[in-house]
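Keep in mind that what you see is a predicted model, and the values were worked out from it rather than measured. All chains are named by letter (A, B, ...) in the order of the sequence lines, taking the proteins before the strands, and each is independently numbered beginning at 1.
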Amino acid sequence: MTTKPARTRFAPSPTGHLHLGGARTALYAYLLARKTGGQFILRIEDTDMKRTVAGAEQEIIDGLHWLGLNYDEGPDIGGKYGPYRQTERREIYAHHAKILVDSGHAYPCFCTPERLDKVRQEQMQRKENPHYDGTCRILSPDDAARRVANGEPHTIRFKMPYEGSTVAHDHLRGDIVTENKQLNDQVVLKTDGLPTYHLAAMVDDHEMQITHVVRGSEWLGTFPLHVNIVRAFGWEEPIWVHLSVFLKPSGKGKLSKRDSADAIKDDHSFFIKDLDGLGFIPEGVINWVALMGWGVAEDDVMTINQMVERFTIDSLTPSPAAINFQRLDHFNATHIRLLTTEDLAARLKPYFTREGLVVDDAVLLKIIPLIRERLTTLDDCIAFGAFFFQKNVTPTPEDLIAKGLDAKQSLDIAKKSYEILSSLSSIDHATAEPPMRAYVEESGLSVNQVFGFLRVASTGQKVSPPLFESMEIIGREKCLQRIKNAVEILEKM
RNA sequence: GCCCCCAUCGUCUAGUGGCCCAGGACGAAGCCCUCUCAAGGCUUAAACCGGGAUUCGAAUUCCCGUGGGGGCACCA
């Protein structure tokens with residue numbers, strides 16, 4: 001397949017957190033660019049100054065980097081088609097709005113928001129579709145130009161044809177035909193001189209030579225407007241790819257604030273910024289997100305580079321997808337297991353130190369093989385490995401009592417275990433396990449009863465990595481001391 | 001209300017007229033392995049929204065319903 005290099009872009013508004021939907025849009029744009037040897041661009045669409053949130057742009061940048069979606073051009077790194085922040089491109093839009101007015105594709109509108117509101121109310125009362133009533137559309141150009149020159153506040157509206165229909169082609173859905181009478185004369189340049197999305201995005205995509213516009217399906221409604229704007233300029237259209245939306249985990253309806261709260265309660269999140277702290281790794285998140293809307297028949301565990309190899313926009317699906325956090329857990333765990341020991345160790349360390357534990361790097365490296373396949377999220381390392389770094393463990397006394405036995409019988413196990421283990425010069429698993437098994441044999445006790453006690457005594461918990469391997473890492477002295485401690489607890493019961 | 005989009009196991013999906021009594025993955029259930037918990041191996045249950053039409057033949061094409069989603073701003 002010979003595909004020309006694609007220039008794609010991710011163009012979010014800095015109005016809130018970078019979420020899963022945005023991450024997926026960015027990912028597909030990224031994959032397409034990398035697959036074809038093109039460029040992936042970050043553009044910040046901050047033309048609605050009222051909604052711009054401080055710090056949101058940085059969060060987007062950080063999120064993209066964390067996910068590994070590095071862009072070739074963007075507001076923080078520049079590029080030959082900059083600036084990449086729309087508020088810094090004011091003149092470009094004003095210039096293009098003027099072109100539209102001069103060519104008869106747009107006109108100044110002097111209607112006040114109040115009047116517009118009133119018109120809309122009346123239309124709704126009459127059960128008509130709310131739409132601009134065209135008052136300023138019929139003004140004579142000279143008259144309008146005079147009023148503009150006088151400094152009268154105005155917007156610029158795009159003139160939609162009243163008759164015929166607009167055919168817009170979406171790569172995933174085919175031709176989308178809309179009767180032009182359904183369309184509205186939308187504002188493309190606001191009173192404050194800044195453009196609305198419709199103008200800004202079309203101008204930028206053209207100026208930045210974007211070949212494929214990958215965006216959310218919320219733009220499908222204004223899609224006809226957009227192609228009309230592009231055509232009014234006489235520009236070549238990009239290939240349009242409208243992605244599906246994400247549905248709430250139940251599959252019923254779109255994501256809400258409430259769902260977001262539920263996700264957090266469940267130790268998951270829709271926001272990229274939260275994922276790291278929850279123990280998710282970018283490899284897992286990316287793999288998971290990629291598969292919501294991209295049909296991969298088999299072998300769906302992929303690194304981002306494998307995704308680049310396999311990606312094609314033809315295999316994207318247009319139907320909405322429900323968020324499924326169980327799958328995130330699965331992909332996260334799977335990718336954790338794929339990490340090298342050194343890599344995993346480095347990623348785990350912050351989670352231990354976050355708990356106030358002092359981490360011995362040599363010990364950390366040793367416990368990785370023991371806990372790796374037990375981790376769903378990185379922070380699970382605390383549950384499976386904190387005891388390696390603690391001075392003492394404090395088992396729940398009841399847990400020391402072996403299943404089906406009483407305190408006295410458990411005390412016997414404890415004393416005998418101590419006797420056996422203390423007689424060994426080392427308790428690496430190869431030397432410690434055989435005599436303990438022999439003891440199980442001759443005592444008539446079950447493996448679970450004896451090993452269970454030992455597990456609780458030496459790790460402080462009922463669930464742990466393999467017992468003898470763990471004891472070996474804990475070390476002879478510490479183990480004996482912990483067992484002795486268990487003997488004392490049992491004696492008091 | 002009007003317009004647009006979507007529709008395969010519970011979920012994500014493969015499937016582009018015969019290879020499909022529909023394949024994979026998550027989840028579920030069972031078995032094996034096993035010092036706990038995992039991981040791993042094997043197995044099972046589980047779907048073409050409904051109705052018409054086209055065709056020798058439809059999950060795949062068309063129409064009508066139904067359901068879900070999105071849009072109808074000087075927000076993106």
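Ring-centre distance between A/F223 and A/H242: below the 6.0 Å cut-off. Aromatic rings from A/Y28 and A/F10 are positioned such that their centres are separated by 6.0 Å or more. Between A/W219 and A/Y197, the ring center distance clears the sub-6.0 Å criterion.
Look at CG on A/D300: it is 18 Å from P on B/U11, rounded to the nearest Å. Taking atom CD on A/Q182 and atom P on B/C2, their separation rounds to 10 Å, with Å as the unit. Remark: P of B/G10 and CG of A/L247 are 16 Å apart, rounded to the nearest angstrom. Taking atom CZ on A/R126 and atom C1' on B/C2, their separation rounds to 15 Å, with Å as the unit. In this structure, the CG atom of A/L370 is 16 Å from the P atom of B/A38, given to the nearest Å. In this structure, CG of A/L467 is placed 11 Å from P of B/U36, rounded to the nearest angstrom. If you measure from atom CD of A/E433 to atom P of B/U36, you get 12 Å, rounded to the nearest angstrom. If you measure from atom NE2 of A/H330 to atom C1' of B/A39, you get 11 Å, rounded to the nearest angstrom.
Taking every side-chain heavy atom of A/L291 into account, B/C12 is the closest of B/G23, B/C35, B/C12. Closest to the A/T317 side chain, of the nucleotides B/A14, B/C37, B/C6, is B/A14. When distances are taken from the side chain of A/R455 to each of B/G24, B/C5, B/C35, the shortest belongs to B/C35. The listed nucleotides are B/G27, B/U36, B/A7; the one nearest the side chain of A/Q326 is B/G27. In this structure, the nucleotide among B/G69, B/A38, B/C4 sitting nearest to the side chain of A/E373 is B/A38. Here the side chain of A/A322 is nearest to one of B/C35, B/C5, B/C12, namely B/C12.
Remark: A/R482 fails to qualify as a cation-pi partner of A/F387 under the 6.0 Å distance and 45° angle criteria applied to the six-membered ring.
At a threshold of 4.0 Å, the pair A/R43-A/E207 does not count as salt-bridged, since none of the basic side-chain nitrogens sits closer than that to a carboxylate oxygen. Classification of A/K118 and A/D133 as a salt-bridged pair fails, no side-chain N sitting under 4.0 Å from a carboxylate O. A salt bridge links A/D117 with A/R120; the closest basic N to acidic carboxylate O contact falls under 4.0 Å. Residues A/D380 and A/R374 are not paired through a salt bridge, judged by the lack of any N-O separation under 4.0 Å between the basic side chain and the carboxylate.
If you take atom C1' in B/C5 and the same atom in B/A46, they sit 29 Å apart, rounded to whole Å. Nucleotides B/C26 and B/G41 have their P atoms positioned 10 Å apart, rounded to a whole Å. Taking atom P in both B/U61 and B/A14, the straight-line distance is 14 Å, to the nearest Å. When the P atom is compared between B/C3 and B/C21, the two are found 41 Å apart, to the nearest whole Å. Distance noted for atom P between B/U34 and B/C48: 41 Å (whole Å). Remark: the separation of the P atoms in B/A45 and B/C2 is 46 Å, to the nearest Å. Taking atom C1' in both B/C64 and B/U11, the straight-line distance is 30 Å, to the nearest Å. A distance of about 14 Å separates the C1' atoms of B/U16 and B/U8, rounded to the whole Å.
Of the nucleotides present, none pairs with B/C20 by Watson-Crick or G-U wobble criteria with both distances under 3.5 Å. For B/C72, the paired base is B/G1 (Watson-Crick or G-U wobble, both distances below 3.5 Å). In this structure, B/A28 forms a base pair with B/U44, meeting either the Watson-Crick or the G-U wobble geometry with both donor-acceptor distances under 3.5 Å. If you check B/A38 for Watson-Crick or wobble pairing at under 3.5 angstrom, you find it has no partner at all. Across all strands shown, B/U61 is found opposite B/A53 as a Watson-Crick or G-U wobble partner, with both distances under 3.5 Å. Across all strands shown, B/G67 pairs with B/C6; the Watson-Crick or G-U wobble distances both stay below 3.5 Å. Of the nucleotides present, none pairs with B/A14 by Watson-Crick or G-U wobble criteria with both distances under 3.5 Å.
Neither side chain, A/T377 nor A/N332, offers a donor N or O lying under 3.5 Å from an acceptor on the other. At a cut-off of 3.5 Å, with distance as the only test, no side-chain donor of A/R231 or A/T166 sits close to an acceptor on the other residue. For the residue pair A/S13/A/D48, the side-chain donor-acceptor check at 3.5 Å is not satisfied.
A/P465 comes within contact range of at least one nucleobase, with a heavy-atom separation under 4.0 Å. Heavy atoms of A/S217 sit under 4.0 angstrom from primed sugar atoms or phosphate atoms, though from no base atom. No contact: A/P224 has no heavy atom under 4.0 Å from any strand. At a threshold of 4.0 angstrom between heavy atoms, the contacts of A/E469 include nucleobase atoms, whether or not backbone atoms are also involved. Using a 4.0 Å heavy-atom distance criterion, A/G452 is classed as making no nucleic acid contact. Within 4.0 Å (heavy atoms only), A/G293 reaches sugar-phosphate atoms of the nucleic acid but no base atom.
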Derivation of the side chain to side chain contact (heavy atoms under 4.5 Å, CB included) call for A/V241 and A/L172: CA-CA 6 Å; A/V241 184; A/L172 303 180; 4.0 Å; yes
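Toward the 5' end of RNA chain B, the nearer of the two residues A/E298 and A/V245, judged by each one's closest nucleotide, is A/E298. The 5' end of RNA chain B is approached more closely, in terms of each residue's nearest nucleotide, by A/L172 than by the other of A/F331 and A/L172.
Not a single donor-acceptor pair, N or O on each side, falls under 3.5 Å between the base of B/C5 and the side chain of A/R173.
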Where protein sits on nucleotides 71-76 of chain B, one letter per nucleotide: B base, S sugar-phosphate only, - none, heavy atoms under 4.0 Å: SSSBBB
Under 4.0 Å protein heavy-atom contact, by nucleotide of nucleotides 45-51 of chain B - B base, S sugar-phosphate only: -------
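Close to B/C4, at under 4.0 Å from its OP1 or OP2, lies no side-chain N or O of A/T178. The shortest distance between the side-chain N/O atoms of A/R372 and the OP1/OP2 oxygens of B/A39 is not below 4.0 Å.
The heavy-atom pair separating A/A414 from A/I483 by the smallest distance is O-CG2, 3.9 Å.
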